[in-house]
Participant: 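Below is the structure I would like to discuss, written out as structure tokens.
From a predicted model like this one, the values you see are computed outputs, not experimental measurements.
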Amino acid sequence: MGPEAVINKSLAELSRALQSKETSSVDLTRAFLERMDTGQGLNAFITVDGDRALEQARAADARIARGDAGSLTGMPLAHKDIFCTKGLLTTCGSKILSNFVAPYNATLIERFNQAGAVILGKTNMDEFAMGSSNETSYFGAVENPWDRACVPGGSSGGSAAAVAARLAPAATGTDTGGSIRQPAAFCGITGLKPSYGRVSRYGMVAFASSLDQGGVLTRSAEDAAYLLSVMAGFDPRDSTSIDRPADDYVGSLEQDISGLTIGLPRQFFGEGLDPEVGRRVEAAIEEYKRLGVKAVDIDMPNCSLAVPCYYVLGPAEASSNLARYDGVRYGYRAPEYADLIDMYKKTRSQGFGAEVKRRILIGTYVLSAGYYDAYYLKALKLRRLIAQEFEQAFQICDLIVGPTTPTTAFKLGAKVDDPIAMYLNDIYTIPANLSGLPGISIPAGFDNAGHPVGLQLIGRYFDEARLLNMAHHYQRVTDWHKHTPAGFA
Amino acid sequence: MKWETVIGLEVHTQLLTASKIFSGASTMYGSEPNTQACAVDIGLPGVLPVMNVEAARMAIKFGLAIGAEINRHSVFARKNYFYPDLPKGYQISQYELPIVYNGKVEIDVDGLTKIISITRAHLEEDAGKSLHEDFHGLSGIDFNRAGTPLLEIVSEPDMRSAAEAVVYLKKLHELVRYLEICDGNMQEGSFRCDANVSVRPEGQETFGTRTELKNINSFKFVEKAIEFEIERQIDVLESGGAVVLETRLYDPDKNETRPMRSKEEAHDYRYFPDPDLPPLELDEAFIEAVRQTLPELPDAKRARFKRDYKLSDYDAGVLTATAAMADYYEDAVRKSKSDPKLVANWTIGDLSAYLNKENLSIEDSAVSSTMFSGLMKKINDGTLSVKTGKQVLEMLWKGQGADATDESTAAESVIIKFDLAQISDRTKIEQVIDKVLAASEAQVQQYRNGQEKVFGYFVGQVMKATGGKANPKQVNEILKKKLND
């Protein structure tokens, strides 16, 4: 199979081609490494180590030859630069970790290594995953392959752009408030955030520990099912991972969905939603109805408070999680300083970007004596109320459906100076993080400017199989997910 | 004016777990710097803590031993502050819901029993250590200690003198060693104490302003530091000043305390529940299983020693100072089937003298409890006198008797080898006495004339002739009989 044939195949198809030896991991890996020249201007990757990737590919080919291969053996994958990779730079998009080479692998990386997957490279991201446009990265903004004047979304912007531009068959990401689903929507691909506790957080650089969850950005729900099968599972090194076996995600894809009920929260279709996005989402709901799915309107009033709740809890945890970047043991240290306190101040002032500093300050404030009850505790209560609201909703519906984002991709630089406008991007995605529920964004068409629109599905706790199954059925009757941006076909 | 002192102690005990509280790294003391610090201990990006259940078990053991409540649901919180030896920029500790609360410890001061209430005992991780020598003006950091489990035991302000504080501290020290949850080594820092000290006019109900004393790492320094601080506070108050709420460092070289940081510099630790660790949930079965591992506690053991072995307060106190000492004593009593008081005297007296001289603990005694029981048996049955008993002990201490078939016969083999057995053969003693009397005609005459104090002279001569081995009872009896005939 030639390079052109390879890059437009889905991960599932590539997996079959590898197994049947139609192609080799080395050929596949080389094709994508060469392909990166095409996408160079996107700035999707922070680190690419071609030699190392080819070495892994050779080992994978040997495994396939031995007959010791799984579905991902030899599959090149891109990883968000938030996952620690032994011997390979892990920057988290920050100057403060710009020289950090992890001495260990994240559990997620370890699982992919054991499955025989190849690390194609580490993708660009908002600094410490704080951002919705990938513009806070120390390594520069990423361009949206559908419109290079636009942002790819964030924080997993590099992963989303890479998959959309066919620079990688699939990529990993993390989602704290929408960081997988929002860029997936902006880039016209599929983005899955599993339930909190489904995928180990060990070795995933922490932003907000109670919200962070690793997931995938792929071309289809089927591809996501293949990846989740390898990623999901209990990890004794992560006390918040849940000891519960993974479901058969691939095997459940074809399950019948007729008779299921989707809930449409009023609050997800109100003020602030771009009418074009609204129309595409309505069309997708009609598609589901044609597949025998019932739709009911539901009311989730507390969800409208999700953004302020999130911007108390996320920064609170971040202010503590990021305290370790002090220049003492690893990472960036200011070149000149007078004493210890001065070293701390200069290192952190120079090492962190503006958005990270903003959140550290917010977090420090809401945890301070005298403000803790008014902000942190109140946000915790609100979080519980939002989770209860979902529980109640799932009494009358099996999944919740709505837009992933209020608008499609916006222009680079458009919201850089308006953090509130930027934060409102995640208004529909944050509730799933606050309640720990799985969510997926799938392509549902394009607006008049040709920018992709994302449809979001939120499932019951640990109901990833149902989520993927629902998404898969939509993708069987539509081809939005098969579109490729001009110039990357 | 008369002043009353008020003291509360915070004691940090390093728990004797094999690995750290949130990682698998070893807790062994004294290794090369940073050889026992794993990715979790040094706070690399992405690492996560996993609770070591053994630390919880030890905390519960302590809680049960002081009759405290065990929280079925306790929470780990982050205490945020920057310091180079604190790798994550926060310490994982327990704040609002500690694992142990509401306990008490009884102390005896000047013959009176007093109850010291324990507010709480919570689990937390230790920090690393800054090293300021050998770095040419820079500082080094050793993270080996980072993540070592600590149980911080916080008392109520129930103590009223430095002496009481020391008694309480010794009581805790004894207890944690009995429970085998802490080695109690104050030099190595595995048992550390901070003291909150204030004074108030006698009769006043409200507390005075307190200071917190740090760096008091021996019983002696605890007493001296508190005493110095009491004097200092009284001086301040009597000269019209006010005590400042602050942390003070004790300097043992100068025997003084001086300010470390004042309230203005006080940290806002921004405690909040650690999102990486679920709350510690304990069920009844777990707590019950820990209860089954509780040893006999020091107070109960002391009472039993007094009752069963008819020992004095003092003897019982010394013999139960450590569980090892008590075990040694009881083993010797049981195996020798001898008078418990006799065994107590020899344990506290001669044996302890050897241990002290060589600065050994009872666990490292050259004479095992079994060997010692063999010796006690021979003293108890009259084979050895006090004098020859001491000789045998010395020989055993120096390694004689090692050739015996087993430890219980070591004393016996030394006695035979050096012919140290008491002479209780009546004919033999009579022969010696006859010889002595025949050679002491003048003294015999004096005795018979009523000078009874000469009797001691005959005893001395008999003992001299037998190398001190003649049974003194028999010597007395036979001498009297022969002289009075």
Participant: So which of B:G24, B:A39, B:P49, B:P87 has the biggest tally of heavy-atom pairs under 4.5 Å with chain A?
Facilitator: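 Answer, by heavy-atom pair count under 4.5 Å with chain A: B:P87.
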Participant: Is there side-chain contact between A:P236 and B:V50, with heavy atoms separated by less than 4.5 Å?
Facilitator: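 Not touching, per the 4.5 Å side-chain cut-off.
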Participant: Not counting sequence neighbours, which residues clear salt bridge (Lys or Arg N to Asp or Glu O under 4.0 Å) with B:E54? List them please.
Facilitator: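 Checked B:E54 against salt bridge (Lys or Arg N to Asp or Glu O under 4.0 Å); matches are B:R57.
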Participant: Please look at A:V205 and chain B and tell me whether the side chain, the backbone, both or neither of the residue comes under 4.5 angstrom of a heavy atom of that chain.
Facilitator: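 Both backbone and side chain.
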Participant: What part of A:L377 is in contact with chain B, defined as an atom under 4.5 angstrom from a non-hydrogen atom: side chain, backbone, both or neither?
Facilitator: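 Neither part.
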Participant: Give every donor-acceptor pair between chain B and chain A closer than 3.5 Å, one pair per line, or write none.
Facilitator:
residue	atom	partner	partner atom	Å
B:I42	O	A:R329	NH1	2.5
B:G43	O	A:Y330	OH	2.6
B:L44	O	A:R324	NH1	2.9
B:P45	O	A:Y104	OH	2.7
B:G46	O	A:G203	N	2.7
B:V47	N	A:Y104	OH	3.4
B:P49	O	A:S239	OG	3.0
B:R78	NH1	A:S320	OG	2.9
B:R78	NH1	A:N321	OD1	2.9
B:R78	NH2	A:N321	OD1	3.1
B:N80	OD1	A:S320	OG	2.9
B:P87	O	A:R329	NH1	2.9
B:P87	O	A:R329	NH2	2.7
B:K88	O	A:R324	N	3.4
B:Y90	OH	A:R324	NH2	3.3
B:D268	OD2	A:A369	N	2.8
B:D276	OD1	A:R201	NH1	3.3
B:D276	OD1	A:R201	NH2	3.0
B:D276	OD1	A:S209	OG	3.3

Participant: Contact part of A:A316 toward chain B, heavy-atom cut-off under 4.5 Å: side chain, backbone, both or neither?
Facilitator: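 Contact with chain B is through the backbone of A:A316 alone.
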Participant: Suppose we screen for side chain to side chain donor-acceptor pair (under 3.5 Å). Which residues come up paired with B:E32, at least two apart in sequence or across chains?
Facilitator: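 Result, side chain to side chain donor-acceptor pair (under 3.5 Å) vs B:E32: none returned.
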Participant: Counting only non-hydrogen atoms closer than 4.5 Å, does A:A106 touch chain B with its backbone (N, CA, C, O), its side chain (CB onward), both, or neither?
Facilitator: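 Nothing of A:A106, per the 4.5 Å heavy-atom cut-off to chain B.
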Participant: Excluding sequence neighbours, so at least two apart, what forms side chain to side chain donor-acceptor pair (under 3.5 Å) with B:E69?
Facilitator: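 B:E69 satisfies side chain to side chain donor-acceptor pair (under 3.5 Å) with no residue once adjacent residues are dropped.
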Participant: Please name the pair of heavy atoms, one in B:F82 and one in A:A323, separated by the smallest distance, quoted to 0.1 Å.
Facilitator: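 Scanning both residues, the minimum pair turns out to be CE2-O, 3.3 Å.
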Participant: Answer yes or no: does atom CZ of B:R210 have more than 12 heavy-atom neighbours from other residues, nucleotides or ligands under 6.0 Å?
Facilitator: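 12 or below, so no.
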Participant: Relative to chain B, which segment of A:L380 carries a heavy atom at a distance below 4.5 Å: side chain, backbone, both, or neither?
Facilitator: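 No part of it gets close to chain B.
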